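See structure below.
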Number of protein chains: 4
Amino acid sequence: MKKVKVGIVGLGRLGCQHAENIAFRIPNCELTAVCSVVEDEVKEVQEKWGIPYSYTNYDEMLKNKELDAIFIASPSGFHCEQITKALQAGFHVFSEKPLGLYLEEALEVQKVVDAHLDKVFMLGFMRRYDKSYAAAKQKIDNGDIGDPILIRCYGLDPASQMDNFLKFAKANYSGGLFLDMSIHDLDLARWYMATEAQEVWAIGGGYARPEFEEIQDAETGVAMVRFENNAIGIFVAGRNCAHGYHIETEIIGTKGSIRIGTLPERNQIVLLQENGAVKECYDGFLERFEQAYLSEVEEFINCILEKRKPAVTVQDGVESTKLGYACKKSFETRQLVNLQDEQLVTN
Amino acid sequence: MKKVKVGIVGLGRLGCQHAENIAFRIPNCELTAVCSVVEDEVKEVQEKWGIPYSYTNYDEMLKNKELDAIFIASPSGFHCEQITKALQAGFHVFSEKPLGLYLEEALEVQKVVDAHLDKVFMLGFMRRYDKSYAAAKQKIDNGDIGDPILIRCYGLDPASQMDNFLKFAKANYSGGLFLDMSIHDLDLARWYMATEAQEVWAIGGGYARPEFEEIQDAETGVAMVRFENNAIGIFVAGRNCAHGYHIETEIIGTKGSIRIGTLPERNQIVLLQENGAVKECYDGFLERFEQAYLSEVEEFINCILEKRKPAVTVQDGVESTKLGYACKKSFETRQLVNLQDEQLVTN
Amino acid sequence: MKKVKVGIVGLGRLGCQHAENIAFRIPNCELTAVCSVVEDEVKEVQEKWGIPYSYTNYDEMLKNKELDAIFIASPSGFHCEQITKALQAGFHVFSEKPLGLYLEEALEVQKVVDAHLDKVFMLGFMRRYDKSYAAAKQKIDNGDIGDPILIRCYGLDPASQMDNFLKFAKANYSGGLFLDMSIHDLDLARWYMATEAQEVWAIGGGYARPEFEEIQDAETGVAMVRFENNAIGIFVAGRNCAHGYHIETEIIGTKGSIRIGTLPERNQIVLLQENGAVKECYDGFLERFEQAYLSEVEEFINCILEKRKPAVTVQDGVESTKLGYACKKSFETRQLVNLQDEQLVTN
Amino acid sequence: MKKVKVGIVGLGRLGCQHAENIAFRIPNCELTAVCSVVEDEVKEVQEKWGIPYSYTNYDEMLKNKELDAIFIASPSGFHCEQITKALQAGFHVFSEKPLGLYLEEALEVQKVVDAHLDKVFMLGFMRRYDKSYAAAKQKIDNGDIGDPILIRCYGLDPASQMDNFLKFAKANYSGGLFLDMSIHDLDLARWYMATEAQEVWAIGGGYARPEFEEIQDAETGVAMVRFENNAIGIFVAGRNCAHGYHIETEIIGTKGSIRIGTLPERNQIVLLQENGAVKECYDGFLERFEQAYLSEVEEFINCILEKRKPAVTVQDGVESTKLGYACKKSFETRQLVNLQDEQLVTN
């Protein structure tokens with residue numbers, strides 16, 4: 001069987017994890033090229049794993065016609081441009097989330113993707129490929145909980161990463177709490193509830209760290225959404241989770257409920273000591289979604305080999321971004337935002 | 001030691017439970033009189049437990065000067081009038097929640113209570129006396145979770161009671177989902193967060209049972225509140241909980257979180273069978289709050305004997321009602337409601 | 001309705017709890033007399049709760065013909081004698097476990113009880129009246145797990161009490177780990193499995209505290225039992241439980257399993273902090289079995305009033321003691337003990 | 001970096017999983033040859049995954065000098081012979097558990113392994129590489145629970161597989177319940193407790209399926225072990241677990257306890273429905289130990305590349321087998337078995 005030859009751009013923490021997976025843990029693909037603007041980084045990876053090609057210039061990598069697919073794990077601000085170039089150069093494309101940092105560019109990418117329907121384009125909404133999230137989807141589709149009427153999502157980053165984030169966010173445009181942190185939850189909500197958002201109210205603050213307010217962002221916040229079918233969404237996002245990385249989702253239906261990740265227990269251990277029964281929690285996304293990061297890429301490769309499309313579409317990226325922007329606007333204006341009324345395209 | 005002599009009005013399901021507790025399970029008190037408009041009911045209880053006095057007329061009971069305290073467990077619509085009369089007749093008073101169905105009458109009662117400061121007045125916010133809720137309060141006051149910044153409350157009645165409720169609500173004014181169901185949660189939020197509500201947006205629907213919409217009520221709904229100190233409240237209320245009676249509370253602080261009742265497990269049993277590991281859930285409030293219903297009355301009796309005031313005040317009843325009305329108004333108008341701007345006194 | 005008048009002997013920690021329950025929390029009974037060899041203790045209780053009679057001499061109390069029932073909460077070494085005297089004096093009798101410290105005296109008491117069948121005799125195997133244990137019994141009787149084939153019981157006292165116990169055990173005959181600690185579990189096993197023990201092997205040691213070995217006892221140990229119907233019992237007992245008071249039971253059947261108290265969570269709180277998700281554990285038997293201690297006495301009083309017999313019989317006390325002695329013997333001799341072959345009556 | 005070239009023998013369910021892992025999911029190795037006596041099986045795998053060499057004769061595969069390592073996943077009865085031949089032919093060897101079905105052959109293999117110390121030999125005790133089991137080991141080594149004094153292990157196969165097993169066991173020598181099912185637990189006990197077994201008593205029966213007794217085996221059983229340092233082991237094994245595949249381990253220490261897999265929850269989902277809160281359970285070993293099956297082979301490959309030895313030694317295989325035989329003998333003779341006294345080598 002032919003192996004899919006992949007070139008990856010971006011060798012940060014998540015990028016390296018993806019690169020290692022592509023090189024060693026995904027059937028029927030090969031890591032053929034690595035690209036990063038950091039020359040040392042790219043050399044180190046190339047040598048360590050014996051990768052045939054390395055680049056410090058993305059456009060150069062796109063000239064390599066041995067490659068079948070481009071995997072984008074660069075900083076968010078580059079996604080739209082790199083997706084566009086890769087598709088136009090004739091490659092299948094996988095891009096990490098988000099589709100883009102601005103709604104305009106997301107809408108532009110959508111057009112490019114739609115113009116290259118012979119190519120596989122997939123967005124890194126890896127949670128859909130997590131075994132628990134996928135099993136929940138099946139149960140909902142089976143009708144196990146009746147009609148879903150309420151979704152509650154928690155996306156909380158560990159407090160230990162807060163300083164790093166603040167440093168980054170003071171120097172860069174992160175998109176803000178809802179666009180940056182809730183984007184996976186917004187996608188999950190649309191996936192499970194099968195409806196689009198209509199109205200949103202978002203509130204929050206810089207509770208432990210007022211510096212968040214200086215950059216017009218929130219340390220912790222909640223967006224409540226009314227969907228077109230009158231279902232309800234509650235999206236809690238935060239960067240100050242004392243116990244670690246907390247991803248939790250609940251879907252309430254007319255006949256039952258499903259909870260995923262009620263407590264973010266990192267493994268099957270309970271430690272019983274003087275202070276009680278203790279379960280350690282996940283320390284970050286790489287630990288929590290290790291399996292999902294593998295499975296999504298397996299699906300991408302299989303889609304290429306089997307000439308079919310992944311379930312995650314560019315439309316999913318656009319709609320999640322649109323809703324994320326509505327949350328952001330509501331938080332900033334302290335008003336209810338109606339997604340139909342509003343012109344969300346900003347700058 | 002002198003025993004406190006109690007007369008109770010209202011012998012419905014909860015009233016009977018209270019009556020039995022007062023008669024047999026609370027130290028230092030006696031059930032001396034029972035009152036109900038249903039003559040058979042009152043006779044049955046009097047004979048079964050050997051109660052000295054029985055009445056079908058509340059005003060007659062208030063003439064009995066052997067009594068020290070009046071316990072009000074009648075339908076919500078009578079609370080305000082009966083509290084007022086009992087205080088004016090010189091009795092200590094315990095009233096089941098809510099203080100009143102309308103904000104105006106709650107405010108009137110507040111004046112009466114304030115005019116009788118020599119009497120113990122206590123409102124049945126029994127959750128504060130539940131061991132888990134009380135332990136959570138202590139942990140918060142100890143600073144175990146830092147400053148509380150977000151509270152999430154679930155108050156879901158069992159689906160099995162939905163038909164009964166609909167029958168009742170079609171014939172009576174229940175107050176609506178938020179005033180009737182969330183009132184305990186609104187009190188808990190004020191208690192734990194130590195701040196008052198400022199803005200609220202409430203949404204919901206008659207998802208499984210559109211009849212709720214015919215009576216301008218919601219089967220399931222959520223109110224999101226911004227408090228004066230910018231803290232966040234999420235109040236999920238519903239009448240269609242497939243797995244039973246679900247009361248759950250989470251308080252997120254700047255240094256940790258507390259969850260109470262994550263899953264409403266009715267006892268310590270896990271049943272392991274073909275379909276997996278199963279925990280049965282509570283079937284209703286009497287089962288879930290059995291201990292709290294006892295402890296709150298113990299506290300009421302002790303306050304009388306020790307001449308001190310309970311921690312739950314009439315002000316707590318007024319403020320919770322005010323917030324409940326704001327939720328109701330937001331749900332009905334589909335708008336953000338600001339508690340400072342708004343004139344909530346309605347009708 | 002006539003109230004049952006109770007005289008209690010023994011006012012230690014558990015005795016006082018029983019006395020308070022009888023005085024204030026059990027319908028249809030009165031605490032009419034209190035007895036203890038400690039004069040101050042007995043006076044204090046009499047005055048605090050206004051008890052009509054007080055005694056420092058048990059025989060004197062038995063002369064009080066106003067009493068209907070005697071409640072025995074004295075040290076284990078007095079149970080047999082006091083049961084015998086009370087029955088012979090014409091009273092109904094409730095005795096705390098164990099029936100006796102020696103098998104011979106237990107067998108003697110059995111004869112006395114059998115000679116007074118018009119009197120209610122009940123032994124304090126309170127776990128049978130705990131809601132979770134009672135619900136488990138119902139499920140087993142319903143056939144929910146098929147035929148029970150294995151029972152595993154944990155009975156672990158908190159490490160914080162170990163010093164106290166060692167001091168007591170150096171000066172008194174406690175019965176040893178299995179007779180003293182496992183007796184409730186041995187009763188539960190016979191109750192759930194509906195069979196008697198045939199063979200036992202018990203091992204253990206003074207792991208953290210070699211002093212246990214000096215008094216021929218074990219700090220922690222396990223007895224494995226083969227029952228007459230070939231079912232299996234595993235009884236873990238210990239006095240050094242770091243996380244508190246740990247009572248756990250599992251019954252495996254041919255079609256499913258039941259677990260009771262998988263983790264000894266003291267309330268419904270989860271505390272989420274830097275070290276993870278923490279559940280506090282029970283600190284002792286009074287906390288864990290508060291409801292059961294009430295319910296068993298309620299049953300005792302109801303049996304007297306309704307002229308029926310409790311489900312716990314003197315035979316249950318005898319058989320549990322016999323099995324406890326077999327465990328003790330196996331532990332001491334390091335051999336398999338067969339309950340049919342062996343002459344267990346010792347001394 | 002050089003890739004380790006592996007030839008696998010045995011392409012049953014677990015063999016195929018290993019083959020797929022070696023081919024696609026383990027860094028720095030290649031699946032170069034497949035071998036099975038079933039010609040169709042071997043052809044199918046070769047073609048599907050493009051494997052260079054295929055064999056129906058094991059001795060032929062050993063002649064292929066391109067290979068670096070032999071991976072043995074054949075039926076248990078072949079392990080000893082195949083290990084011996086592979087080592088003697090100069091290959092590194094990984095063998096699935098058990099080392100052998102008879103103690104004599106295990107002892108023979110030990111000699112062969114000891115005579116080829118330049119080769120990596122590893123036994124498939126994969127649980128040691130499961131993240132939860134490995135984290136528990138670290139905590140114990142850190143002293144988090146003090147000195148380990150008791151280990152309790154559950155190893156229960158799903159009831160759904162019982163018919164298959166009975167069919168197999170009637171036609172083949174399985175080793176019996178303890179050798180076949182508890183072998184992983186016996187290894188874990190030795191690993192965590194750092195001591196060897198001294199005495200054992202094992203009991204059990206054919207509870208739901210008397211056919212087990214016809215083949216001198218048990219459907220469910222327990223072995224209780226006293227270790228040389230007086231620590232205690234409890235090993236529950238069974239083939240009739242209604243809720244699925246149940247692997248649970250507890251280690252009690254002088255200062256705390258660790259539990260691994262308290263309930264065998266297959267994923268992070270809780271389903272809340274009319275019957276309560278339900279967690280689905282694992283359906284088998286491939287699902288439960290997916291990660292461990294990968295990690296153990298990763299370790300095997302890394303040991304070869306880095307010229308070091310795995311922590312699992314042939315001695316571990318021999319000692320576990322010896323203890324398994326002692327359990328078997330105790331079960332069959334209904335007697336306590338002392339591992340020092342007894343001549344366990346049988347047949």
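Heavy atoms only: backbone and side chains are in, while hydrogens, waters and symmetry mates are out. Chain A is the first sequence line, chain B the second, and so forth, proteins listed ahead of strands; every chain is numbered from 1. This is a predicted model, so every value here is computed, not measured.
A 6.0 Å sphere centred on CD of A:Glu248 holds more than 12 heavy atoms belonging to other residues, nucleotides or ligands. Within 6.0 Å of the CD atom in A:Gln17, the count of heavy atoms belonging to other residues, nucleotides or ligands exceeds 12.
Using non-hydrogen atoms only and a strict 4.5 Å limit, the part of residues 251-289 of chain C facing chain A consists of C:Leu263, C:Val270, C:Leu272, C:Gln273, C:Glu274, C:Asn275, C:Gly276, C:Ala277, C:Val278, C:Lys279, C:Glu280, C:Cys281.
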